[in-house]
Structure formats: C-alpha cells, structure tokens
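Here the structure is laid out as structure tokens; the discussion comes afterwards.
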Amino acid sequence: MADTMTGSDRREPTVIVDDAHVVYRVQQSATPGTGSPLASFKRIITGTKPATLREVHAIKGVSFVAHKGEAIGLIGTNGSGKSTLLRAIAGLLPTDKGAIYAAGQPSLLGVNAALMSDLPGERNVVLGCLAMGMSPAEVKSQVKDIIEFSGINERGDFSSLPMRTYSSGMGARLRFAIAAAKKHDVLLIDEALATGDAKFRRRSEQRVRDLRKDAGTVFLVSHSEQSIRDTCERAIWLESGLIRADGPTADVLKEYEAYVKR
Amino acid sequence: MPQTAVIDSETGLTLKELARRHGLSAAGKLPSLRDYTRQLWSYRHFISSYANAKVTSSLGRTRLGVFWQVLTPLINAAVYYVIFGVVLKQKSGVENFVAYLCTGVFIFGFTQSVVQAGIQAVSGNLGLIRALHFPRASLPLAITMVEIRNMIASMAVLIVIVLAFGEPITLEWLLIVPIFLMQCVFNAGLALAAARLGSKVADVKQLVPFAMRIWLYGSAVLYPVTRFTDHLSGWKLYLVEANPLLVFIDLMRHALMEDVPLAASPVVLWLEAIAWTLLVGIGGYVYFWRGEKGYGRG
Ligand SMILES: Nc1ncnc2c1ncn2[C@@H]1O[C@H](COP(=O)(O)OP(=O)(O)O)[C@@H](O)[C@H]1O
Ligand SMILES: [Mg+2]
C-alpha cells in the first residue's frame, strides 16, 4: 500500500483540519442581582453556570488539508467564522471537538492583534518580535528594517509616538511588518492588508509571495476579490461555520458571487 | 479525541493518520512540564520587556510617573497610622507600633496587589492571547515582576520608616533578603493560580476584595499577633497561625525590629515559610500549566 501513495506524497500537508468545532463562551454584562458577591459565591459553590454565559458555536465541523507552497483564500460573509478558523489553526483558540494538526507553529496576522497602544511603535516592534520568539540580538538587528518596511515614518517620526496616535492603516502596516519579519511555516493573514493604501498593499502582496516561496503555506482572508485572485490558486468558502465550497479560486469565487448577489 | 471518518481523497488515509505520517502536531497539545519550562525560559526577555511595558503604560499618563511607586506605600502607611495608631490607639503590647504596623501593611500589600493583578492576567489580555503565541505563564509572571519592582521601592520606604522610629540596624536585617525572595516565589505561584481561576470563572474577580479583607484580618496586620493567642486556642489557633501571610509578616518583623511578639518561635516560622513557598510556588505553576491550551477560549 505504501508505494501506491508515493505519488501524492510529494504534496506535503502542512495543515490538517479534521472535523473541527470551535465554541466561544461569552460572559454578558450581568443583569441586576446576578453580579452581587453572594450570587457569585452561590454559583461557585453549586457549580451552576451563570445565566449570562452564552455559547456561540462558530465553527461546526470543518475538514480540509492544506499543502506546502499553497496559498489559500478564505471567503465568506461577515460572521461566517473565517477569523475563528484561523485562530484555531494558530492554536490560539482550542477546538471543542475534532482536531487541527499543523507543521511547526502557524502565525496569525490579524487586524486586531493587540499590541500596547500606550507605547511607542518602536517598543511595540520589540515586544512583538520577542513574543514571536526572537532573541534580543535578532530583534535589535531587525527593528530598523521593520519600521522602514512599515513606512510609518514616511511622514515624520511616528515610531516614537504612542500607537494610540496612529491611524488604523498605520497600525495595520506596523503589525504586518512585524509579523513578516520572521519566516513562518504557516502564515495566516486575516484582513491585515485591507486597511493599507495601494502602495503598501502592493509591497505586502510581494512579501506574501516571498513568504510562500520559502516553502510555507499562506492563508488569506480578504474582502478584496482581486487580492484573493492575485495571490491564491485555491479558495475555501465558509458559511455559518461550515465549508460551502473548496477548490480552484475562480470556481469558488463564481459560486460565492452568485450566492451573495441572490 | 473522537473517531472521525474523514478521508483524504488523495491518500485514502484518515486525516489523523495523514497527520501522524507527516509528523504534524496537534494544535492544542499540552507540552510536557519540562518543555514548557524551557519555553518559558526562552521567553524571559519577552517577560521582562512586557513587565517594563506595563509599568510604562500604567504610569505613562500620570504626571508624577515613577514617584507613585514610592508615594503609594507612603500614603497607605499614613492612612493606617492615623486610623489605628492615632484614632483607635491600638498600641497595646507592642512598643514600636508604627514600625510594626507599617511592616504588616507593606508585606500584606505586596501579596494583595499580586493577587488582584493576577486574577486579570489572562482574562484582561485575551486580545494578546488570541493574537500571539507565547507561553501564557509569561503574563502572570510579568505581573509578579511588576509588583516585585514596586515592592522593592516600598521596602526602601519601609526601611526608612523603621529606622526613623528608632529601630537599630542589626545583623538580623540580612534575613530580609531570603524572606523577600520566599515571598516573591509564593506570590508568583499565587498569581499563576489566580490567573487560571480568573480566566475560567469570572465570578472570582468579584470575590477577591472580600477574600483579601478576611485574609487581612487573619494576618495580624493591623493589631498585635498576640490578640490571637489571647482569644483562641487549640486547632483554631493553630489554623490561624499557619496562615502564610502571618508567617511572612512575622518573620519580616522579627528581622527588622527588636523585641516583637511573635506567633511562634522563629525556627517554626521559617519552616512554615519554606513549606508554603514550595507548596504554592510549585502548585500554582503546575496548576497554570495544565490549563495552558484553553486560555484563548475566554
Ligand atoms: N470573541 C468572540 N466572542 C464570542 N463570539 C465571537 C467572538 N468572535 C467571533 N464570535 C462569533 O463567531 C462567529 C464567527 O465570527 P468570525 O470568525 O469573527 O467571523 P468572520 O471573521 O468570518 O467575519 C460570529 O457569529 C461571531 O459573532
Ligand atoms: Mg473576521
């Protein structure tokens, strides 16, 4: 049996999602009376869930295999579970059922990747790089390149100002620049390129292609169909936590368009 | 893990087998305690810069900045002195009540602020946790480091107060260092445990102020420890006197001051302190590690 499979083994899988389910648990702001210490104490003792705890079943059994060198576009309407799926692949959200396997450590690059908004961009770069596991020496040698690539200093010295003074596009640029400073086996990009201007988008798309050439796998969530058409040859369409279509980008996009226009 | 029948169309293997064949690891797998500790060690620079960042961003917008690190304990001590030393005349049995009170307030405050911050170490940083990959214990440990830094400032203030109220510097002052280190480890364990508790049960946060109040009264911070011996006996007394904070506070008073009433002989206190440090330090770490993969869920 082993030699019948050697042909397809050349396509080495990097991410395997096996019937994954993801559930969020949300604490709502309490209604009067349930927030008192006595009520909390009672809940802890009796082990009952507070009435304010709601569950959101965001991914309801998704399976697919991604291979080395592939760039996969994830599409779907708002709230369909794209960001959730990427978080689960990155191992940042646990699966409730099923399993997700990945080569190395996938890295997620999202719009709301929280850095510390009270700190200057430069210190956020340092912190972000350290959090990606770089050594202080590596960080030191990279900081300048990262800030330069992000282009936030094009209009004055913004890297020494707190990040809360940045426009959302500038923040997104800086985050992308930080994440792109490292080689990733699997890179997950969640609308991170959307807020950048055309020039930055071109540059970052080039960087995505480079990352892909280094034998990685790239997942891209984007609401720009052009951007998906340009970078991905495969697309997965997610709707309400389930896969509606998975195949060549052109086919999936056609189906998706028909669905959205309806 | 449930048995799934999803088959890869190309290889005819189930996905689980396919993953094993290519050596892919499950995303939510808990690393061994040793690997986890090694990871954590390699993130030490992240931990210390995160701690620095937290201090900078919390003090950054205040005018007095770092002076708050010294001002806060000073104001605290002044408030308690006015209430318990001047208004209530709580001095019975202790000669140097101001030094006695301040030592208690400062040592207790150290653990208290670690617990209060620790409860939110995970639940208050879900954004960071859902965005980046790092051993989650970095967060409670960074918070402990912030509080340790604050405490070092407080200790300097405390020493000035104790000296100003007439205590001599003796050889026993050398004991301050090991006592402080033990309390740091104890607090780190407590922060880790509190972080996991607070991430799972949001209700815990509501109860912390009350728990800390009870702990405060049980630790003989505001009145002489002899009050317990006067009013309690047998196992009740034993229970109260095994309280780790009472032990740390008593040891610190013993190191800093002459002729203080203690809950037990210094040897017993030292043994109790070591036992608590190991128990809470290691226990808290193991407890936190076991929850590592669930912290993103919220
Ligand atoms: N932090 C969260 N807590 C609770 N529910 C969430 C959270 N984030 C997303 N959801 C829910 O999960 C579902 C999928 O959301 P998401 O993955 O963000 O969608 P998309 O990225 O495709 O727009 C939605 O129903 C959303 O309400
Ligand atoms: Mg999204």
Side-chain angles (χ1 to χ4, degrees), chain A residues 1 5 8-9 11-19 23-27 35-37 39-41 43-44 50 63 65 87-95 97-103 105-108 110 112-119 123 126-128 130-133 135-136 139 162, chain B residues 1-2 4-6 8-16 18-29 39 42-43 45-50 52-54 56-58 60-61 123 125-134 138 201-207 209-210 293-298:
Chain A
M1 202 177 153
M5 281 183 296
S8 52
D9 268 8
R11 302 216 324 141
E12 198 179 310
T14 48
V15 175
I16 298 179
V17 179
D18 183 5
D19 191 33
V23 178
Y24 284 102
R25 306 215 157 75
V26 192
Q27 280 290 340
S36 75
S40 317
F41 189 65
R43 280 198 295 275
I44 291 174
S63 303
V65 179
R87 283 189 192 134
I89 293 174
L92 300 164
L93 267 177
T95 51
K97 220 181 120 218
I100 295 176
Y101 308 91
Q105 178 58 65
S107 318
L108 174 64
N112 44 10
L115 296 171
M116 299 184 88
S117 60
D118 275 338
L119 294 184
R123 289 200 54 188
V126 172
L127 212 57
L130 287 173
M132 291 195 302
S135 72
V139 175
Chain B
M1 217 137 286
T4 48
V6 183
D8 186 42
S9 55
E10 292 174 27
T11 55
L13 293 169
T14 66
L15 292 181
K16 196 174 173 183
L18 187 70
R20 181 160 336 118
R21 247 181 101 88
H22 290 274
L24 305 191
S25 55
K29 199 160 146 263
Q39 267 180 36
S42 69
Y43 271 80
H45 302 289
F46 171 67
I47 297 175
S48 61
S49 21
Y50 181 76
N52 281 338
K54 268 215 105 67
T56 319
S57 70
S58 72
R61 290 205 226 188
S123 60
N125 281 309
L126 275 182
L128 200 62
I129 286 175
R130 285 178 183 166
L132 287 170
H133 242 283
F134 53 87
S138 308
V201 197
D203 292 315
V204 173
K205 203 180 121 201
Q206 311 284 330
L207 292 177
F210 300 94
K293 285 302 168 185
Y295 293 128
R297 181 180 282 136

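This one's a predicted model, so the numbers in the text were calculated from it and none came from an experiment. Within every chain, numbering begins at 1; the chains are lettered A, B, ... in the order of the sequence lines, protein sequences first and strands thereafter.
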Legend entry - Heavy-atom side-chain proximity of A:Val15 to A:Tyr101 below 4.5 angstrom: no
Legend entry - Segment of A:Leu127 engaging chain B (4.5 angstrom heavy-atom cut-off): both
Legend entry - chain A contact via B:Ser25 - which portion, at a heavy-atom distance below 4.5 Å: both
Legend entry - A:Leu93 and A:Tyr24, any side-chain heavy atoms less than 4.5 Å apart: yes
Legend entry - Closest-packed option against chain B by number of heavy-atom pairs under 4.5 Å, given A:Gly133, A:Gly91, A:Ala102: A:Ala102
Inset, instruction - Could you grab the distance from atom CG of A:Asp18 to atom CG of B:Leu18, nearest 0.5 Å is fine? - result: 10.0 Å
Inset, instruction - Among the options A:Ile16, A:Thr95, A:Val139, pick out the one with the most heavy-atom pairs lying under 4.5 Å from chain B. - result: A:Ile16
Legend entry - Closest non-hydrogen atom pair between B:Ser49 and A:Leu130, with its separation: OG-CD1, 2.8 Å
Inset, instruction - Heavy-atom distances under 4.5 Å only: say whether A:Pro106 touches chain B with side chain, backbone, both or neither. - result: backbone
Inset, instruction - Looking only at non-hydrogen atoms, find the nearest pair between A:Leu108 and A:Ala90 and report the distance. - result: CB-CB, 4.1 Å
Legend entry - Choice from A:Gly128, A:Ala88, A:Ser135, A:Pro136 maximising heavy atom contacts with chain B below 4.5 Å: A:Pro136
Inset, instruction - Name the member of B:Arg20, B:Lys293, B:His133 that forms the most heavy-atom pairs with chain A at distances under 4.5 Å. - result: B:His133
Legend entry - Contact class of B:Asn52 relative to chain A, heavy atoms under 4.5 angstrom: both
Legend entry - Proximity breakdown for B:Tyr43 and chain A, heavy-atom pairs closer than 4.5 Å: side chain
Legend entry - Minimum-distance pair of heavy atoms, taken over all atoms of B:Leu15 and A:Val65: CD2-CG2, 3.4 Å
Inset, instruction - Mind checking the CG-CD1 spacing from A:Leu92 to B:Ile129? Nearest 0.5 Å is all I need. - result: 9.5 Å
